[in-house]
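Convention: sequence-line order gives letters A, B, ...; per-chain numbering from 1. Computed from a predicted structure; not experimentally measured.
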Amino acid sequence: MQGRNALWMPGMDHAGIATQNVVERQLQAEGTSREALGRDAFLKRVWQWKEKSGGTIMSQLKRLGASCDWERQRFTMDEGLSEAVREVFVRLHEDGLLYRGERLINWCPRCLPALSDIEVEHEESTGKLYTVRYPLADDPSHYLLIATTRPETLLGDTAVAVHPEDDRYRHLIGKRVRLPLTTRAIPIVGDSILVDREFGTGAVKITPAHDFNDFEAGERHGLRRIKMMDIHAHLRTEGTLADPDVIQAVEGLPVAKARPKIEHLLTDRGLLEKSEPHKMALGKCYRCKTIVEPLLSDQWFVKTKPLAAPAIQAVEDGRVRIIPEAWTNNYLGWMRDIKDWCVSRQIWWGHQIPAWYCEACYGTAFLRRASDGAPLIPSDASVIVAKTKPAACAKGHSDALVQDPDVLDTWFSSALWPFSTLGWPQQTAELKTFYPTSTLVTGLDILFFWVARMIMMGLKFMGEVPFRDVYIHALVRDAEGQKMSKSKGNVIDPLHVMEQYGTDALRFTMAAMASPGRDVKLAEERIEGYRNFTNKIWNAARFILMHLEGERVAVRPDQRSFPDRWILSRLNATIRAVTHELEQYRFDRASSALYQFIWHEYCDKYIEMIKPDLKDTAAEHAQATRHTLAETFETMMRLLHPFMPFITEAIWQTLPHEGASIVRRSYPTVQPDWDDTEAEEEFALLEECRGLMNQERAILNYPAGKRLHFDVFGKTQEIRDVLNKHKALIEHMENVENLRVGIPQDNIVHLLTLTGDSVESATTMEDADLEKVRENVGKQIAVLEKEVARITQKLDNPDFVAKAPPEVLTEHRDRLQRESRMSHLLQQALRQIDWSSSERKHSQPS
RNA sequence: GGGCGGAUAGCUCAAUUGGGAGAGCGCUGCCCUUACAAGGCAGAGGUCACAGGUUCGAUCCCUGUUCCGCCUACCA
């Protein structure tokens, strides 16, 4: 609508692990499995599922009225995007930023593939801290006390560490201990990094194959790595030299079952010193909440440090702006401490890694997994990385090439999205036009998963940042403030909400609640409130259509009626505010400006003001007013359209308009000749009158419908002129007859007078319940006197008078004057009430 | 353990250069007044979490405390 060349490209990633899980569950229900199907047939099934159900998000977007470029829809598994993935993989490898190695990685024993660090959620839980006796090899009567939360892993221990400067243990370094439950003896090493003297016993076991810190300690001390678990996190004792009865007790058991057995065995042998409750943060799979196990395996890693450096720079120097800014430090902190990124996943659905290994060169045939025939590539097999399958290996073997069975992390392809979707690696026109893009809108929860990686990849392969602004939107939570999740079952389906309240109401609610840095608790009352707002707009439109019959004449703004000039000026202010706030990503302020204007200025005031003109066909301004009415409402619909696309289009079509659709019309811009400070000031004066009159009605307890006589007094001649000019309007708006305009005066008999800044207003109180009035007035006076005392006290303070800015001083003095005058007037009214009631008493026979 | 954010009307949330605290919903009263009862008009309701400090003056700035979220971390 603003005439910019905008591209909103819709699309999806392939959600590797999640999608594979879903399809595998289907297969399970059918009594089969992916292994039984085989890789190719399985992938066909996944594609089928994707075609069928993958459109849900797209249809939700469409229902929400998202104006995407639907023709350009992209999917990370599309051929073009897959080509980009292969290109990037090969180039990262060439540049030494990609390597394969045996490392410890987070492993979900249920989902089976590797997880990256950030796919692991930490959850506080209470476990036990066991203290185990490790007898010294050369003197079994003495032992070292080792603290551990995972006693079953001791089968994989290859050393014990103490702090090199710990006097308790220093003399033991270099000696050996007998590893409980096994026939092995392991060394005692000194390690100041691993060991915290203060914690536990100050001595710690090292299990390099099953713990990240221990892995690194193992590297430092050249320790052997003994794997004692399989991919399902079931204990495998082969190679641990465990005692036969231990093997019998725990072989093949999952961790949870093995731990008590080990505890039992240790106790039986008098090797368990004690166990006590212990709080710790357990790593769990973010998807299925299974406890994650560190697992030793061959994986592909992206070396992230060199990529992160320019990505940090880009945010530091403002080429990428994160909004709200508060998240910037979050991003920088994470990037500065970034770990290498494990990108291989042991699943089938995804981009299969473009790496090949030559069995002939390796010398012996690769082992193949019995279940699915996947080759198990040895760590030392030489690798050929290429975009397509090589014809032959370096030594000319052509028929012994085996492709890496693993696929890439979904985020690997997502990271390329800003340019892969525009045709890269081809230098397309789209890429030239739209890269770098302007804004990425996303949730905080994927700032690291996605945003950080897009910036790294964009800088590496395009040489430019992928986007200028990153707008972090709020996360929508349920009414209790809980994050929505399928497993908790508290997910609010937007389709359902749209069904119930309408899409426009949902959209407007989201916009209104999008205060920066704050999550949205989706409260139904709020949606309902904005549903009512749409209803209000609809009814206003009906009213307008009813009154548009007849000539409409466009007149210069400054020659229109007072209400017309006023509403044009207000509309202009609203256009200014909405445009400004949208540019600042303040959707909350933009929507509240619209709400305030449409309901409280346009409907409550403007429409009410012009009713006399519309009903009286002979009215002076009728033709011009009808024009203004159509003009302002049409403009208002365009201004509101991005927030409420459906109702605005529907109404717009019924209004006088040009063009086929509101979407194709321009967004309203500020019109200099609509600004009218005079009209706004005059309106403010009328509002002041209105306020005083309402207050009087309230004090006198008069019913809303009662027509009253009012006198209004302008404090200057100029004000009185304005009041006289709008006398009829005031009478109409305030349900008043025979309004009289005069000069303020004291001692008016039988009248209740109130004062404002510019005007005073008086009305008769004879019809009122004087007792009630006395009470109300008394309350008012008390409030006023309190305020008067407060301001007086401030003004009596010489420091305040000396140091406060002059405008604050005058403002205080004006206020004091007004409040004391008001109090004076009310006391006067009180005296009159007393006088009247005594009159009444006297007139009655005793 | 570290970092960040929040604590304002019964509820959901606003309030940037420190100077009389706002909205929506809910509540109370009166109104089916020919656009709108999903509405109109009016009203009640707040020691701005707590304790100090800076200042003429603090919801706002500083310090500390409590409670609630989130992120992050290897304390075995």
Side-chain angles (χ1 to χ4, degrees), chain A residues 117-118 122 129-131 146-150 153 161 193-196 198-207 211-217 278 280-281 283 294 324 326-327 329-330 333-334 337 444-445 447-448 475 477 479 481-483 501 505 509 512-513 515 517-547 588-589 592 595-596 599-600 603-604 607-608 611 615 694-695 697-698 701-706 734-735 787 790-791 794-795 797-805 807-809 811-812 815 819:
Chain A
D117 290 347
I118 49 181
H122 291 271
L129 184 65
Y130 302 85
T131 306
I146 305 286
T148 180
T149 54
R150 309 183 61 198
T153 64
I193 298 173
L194 183 67
V195 179
D196 173 358
E198 311 297 318
F199 187 87
T201 60
V204 61
K205 64 200 234 10
I206 302 182
T207 323
D211 182 281
F212 289 96
N213 296 307
D214 292 5
F215 180 87
E216 284 168 25
H278 181 67
M280 53 189 179
W327 301 122
N329 282 336
N330 212 335
W334 188 76
D337 189 36
L444 181 68
D445 48 343
L447 183 64
F448 305 139
L475 225 54
R477 298 167 177 280
Q482 298 280 314
K483 190 169 168 175
Y501 297 104
T509 307
M513 299 195 73
S515 300
R518 190 147 189 159
D519 281 348
V520 173
K521 272 192 242 179
L522 198 57
E524 278 201 39
E525 308 85 72
R526 225 32 210 273
I527 309 174
E528 207 177 318
Y530 293 120
R531 187 268 320 264
N532 295 354
F533 179 48
T534 60
N535 197 45
K536 185 79 180 175
I537 295 168
W538 185 256
N539 283 315
R542 275 184 49 209
F543 171 83
I544 283 167
L545 286 173
M546 267 181 223
H547 292 91
D588 56 333
R589 291 187 182 175
S592 92
Y595 186 94
Q596 179 66 26
W599 199 314
H600 298 302
C603 293
D604 289 352
I607 290 184
E608 290 310 319
K611 273 180 180 169
K615 278 173 190 159
N694 283 339
Q695 231 180 317
R697 279 181 198 268
N701 250 6
Y702 283 147
K706 186 176 168 72
E734 302 310 323
N735 195 20
E787 188 63 13
R790 218 175 61 88
I791 303 172
K794 278 180 98 171
L795 286 169
N797 181 349
D799 280 331
F800 176 69
V801 179
K803 295 182 182 174
E807 62 271 21
V808 172
L809 274 180
E811 186 262 347
H812 273 71
R815 215 162 76 217
E819 309 278 284

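Applying the 4.0 Å criterion to OP1 and OP2 of C71(B), one finds that His122(A) has every side-chain N and O outside that range. Contact check, Lys536(A) against G40(B): a side-chain N or O comes under 4.0 Å of OP1 or OP2. At the phosphate of A35(B), OP1 or OP2 sits under 4.0 Å from a side-chain N or O atom of Lys611(A). Dashed line: the shortest gap from a side-chain N or O of Asn694(A) to OP1 or OP2 of A42(B) is under 4.0 Å. Within the 4.0 Å cut-off from OP1 or OP2 of C13(B), not a single side-chain nitrogen or oxygen of Ser515(A) is found. The phosphate of G39(B) has OP1 or OP2 within less than 4.0 Å of a side-chain N or O from Asn532(A). For U12(B), the OP1/OP2 oxygens have no side-chain nitrogen or oxygen of Arg526(A) closer than 4.0 Å. Here His547(A) does not reach the OP1 or OP2 of U34(B): none of its side-chain N or O atoms lies under 4.0 Å away. At the phosphate of G40(B), OP1 or OP2 sits under 4.0 Å from a side-chain N or O atom of Trp599(A). One finds no side-chain N or O of Arg697(A) lying less than 4.0 angstrom from the OP1 or OP2 phosphate oxygen of C30(B).
A straight line from CH2 of Trp334(A) to C1' of A73(B) spans 15 Å, rounded to a whole angstrom. The CH2-P distance, from Trp538(A) to G39(B), rounds to 17 Å in whole Å. The interatomic distance linking His278(A) (NE2) with C75(B) (C1') rounds to 7 Å, in whole Å. Rounded to whole angstrom, the span from the CG atom of Asp211(A) across to the P atom of C74(B) amounts to 10 Å. Separating the CZ atom of Phe448(A) from the C1' atom of C71(B) is a distance of 7 Å, rounded to the nearest angstrom. Residue Asn735(A) contributes atom CG, which lies 13 Å from atom C1' of A42(B) at whole-angstrom precision. One interatomic measurement links the two molecules: CG of Leu475(A) to P of G5(B), which rounds to 18 Å at whole-angstrom precision. The nearest whole Å value for the distance from the CZ atom in Arg531(A) to the P atom in G24(B) is 17 Å.
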**OP:** Show your reasoning for whether side-chain contact (heavy atoms from CB on, under 4.5 Å) applies to Leu194(A) and Glu216(A).
**Re:** CA-CA 9 Å; Leu194(A) 183 67; Glu216(A) 284 168 25; over 6 Å; no

**OP:** Begin from the C-alpha positions of Asn539(A) and Arg542(A) and carry the test side-chain hydrogen bond (donor to acceptor under 3.5 Å, both in side chains) through to its verdict.
**Re:** CA-CA 5 Å; Asn539(A) 283 315; Arg542(A) 275 184 49 209; 3.2 Å; yes

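Closest to the Thr148(A) side chain, of the nucleotides C56(B), A76(B), U12(B), is A76(B). Each of A76(B), G19(B), C36(B) was ranked by its minimum atom distance to the side chain of Asp196(A); first place goes to A76(B). Closest to the side chain of Pro805(A), from the set G19(B), A76(B), A35(B), is G19(B). Here the side chain of Phe800(A) is nearest to one of C71(B), G19(B), G20(B), namely G19(B). For Arg589(A), counting side-chain heavy atoms from C-beta on, the closest listed nucleotide (U12(B), A76(B), U16(B)) is U16(B). Nearest to the side chain of His600(A), among A35(B), C71(B), G24(B), sits G24(B).
Taking atom C1' on both nucleotides, G20(B) is separated from G26(B) by 27 Å, rounded to a whole Å. When the C1' atom is used for both G6(B) and C74(B), the distance is 30 Å, rounded to whole Å. Between the C1' atoms of C13(B) and C31(B), the separation comes to 31 Å (whole Å). Spacing between A7(B) and U59(B) at atom C1', rounded to whole Å, works out to 12 Å. Between the C1' atoms of U8(B) and A15(B), the separation comes to 10 Å (whole Å). Look at the C1' atom in both G57(B) and U72(B): the space between them is 41 Å, to the nearest Å. As rounded to the nearest Å, U63(B) and U54(B) have C1' atoms that lie 11 Å from one another. If you take atom C1' in C27(B) and the same atom in G10(B), they sit 8 Å apart, rounded to whole Å.
At a threshold of 4.0 angstrom between heavy atoms, the contacts of Gly283(A) with the nucleic acid are absent. Contacts of Leu444(A) with the nucleic acid, taken as non-hydrogen atoms under 4.0 Å apart, are absent. Counting any heavy atom pair closer than 4.0 Å across all strands shown, Tyr595(A) reaches sugar-phosphate atoms only and no base atom. Glu787(A) comes within contact range of the sugar-phosphate backbone alone, with a heavy-atom separation under 4.0 Å but no base atom that close. Across all strands, Glu734(A) comes closer than 4.0 Å to no nucleic acid atom at all (heavy-atom distances).
Using the Watson-Crick or G-U wobble rule with both distances under 3.5 Å, G19(B) pairs with C56(B). Using N1 to N3 plus N6-O4 or O6-N4 for Watson-Crick, or N1-O2 and O6-N3 for G-U wobble, each under 3.5 Å, C67(B) pairs with G6(B). The partner of A73(B) is absent, by the rule that a Watson-Crick or G-U pair needs both atom distances under 3.5 Å. Using Watson-Crick or G-U wobble geometry with both donor-acceptor distances under 3.5 Å, A42(B) finds its partner in U28(B).
When side chains are defined from C-beta on, Ile206(A) does not count as touching Asn213(A), because their heavy atoms never get closer than 4.5 Å. At least one side-chain heavy atom of Thr201(A) sits under 4.5 Å from a side-chain heavy atom of Thr131(A). Side chains of Lys536(A) and Tyr595(A) form no contact here, defined as non-hydrogen atoms less than 4.5 Å apart. Residues Arg150(A) and Tyr130(A) have side chains not in contact (no heavy-atom distance under 4.5 Å, counting atoms from C-beta outward).
In terms of position on RNA chain B, the residue among Asp799(A) and Glu811(A) whose nearest nucleotide sits closer to the 5' end is Glu811(A). Positionally, the nearest nucleotide of RNA chain B for Lys803(A) lies more toward the 5' end than for the other of Lys803(A) and Leu129(A).
Interatomic distance, Thr509(A) OG1 to Arg526(A) CZ, rounded to the nearest 0.5 Å: 8.0 Å. Atom CG of Asp799(A) is separated from atom NZ of Lys794(A) by 13.0 Å, given to the nearest 0.5 angstrom.
The six-membered or imidazole ring of Tyr501(A) lies away from that of Tyr530(A), with a centre-to-centre distance of 6.0 Å or more.
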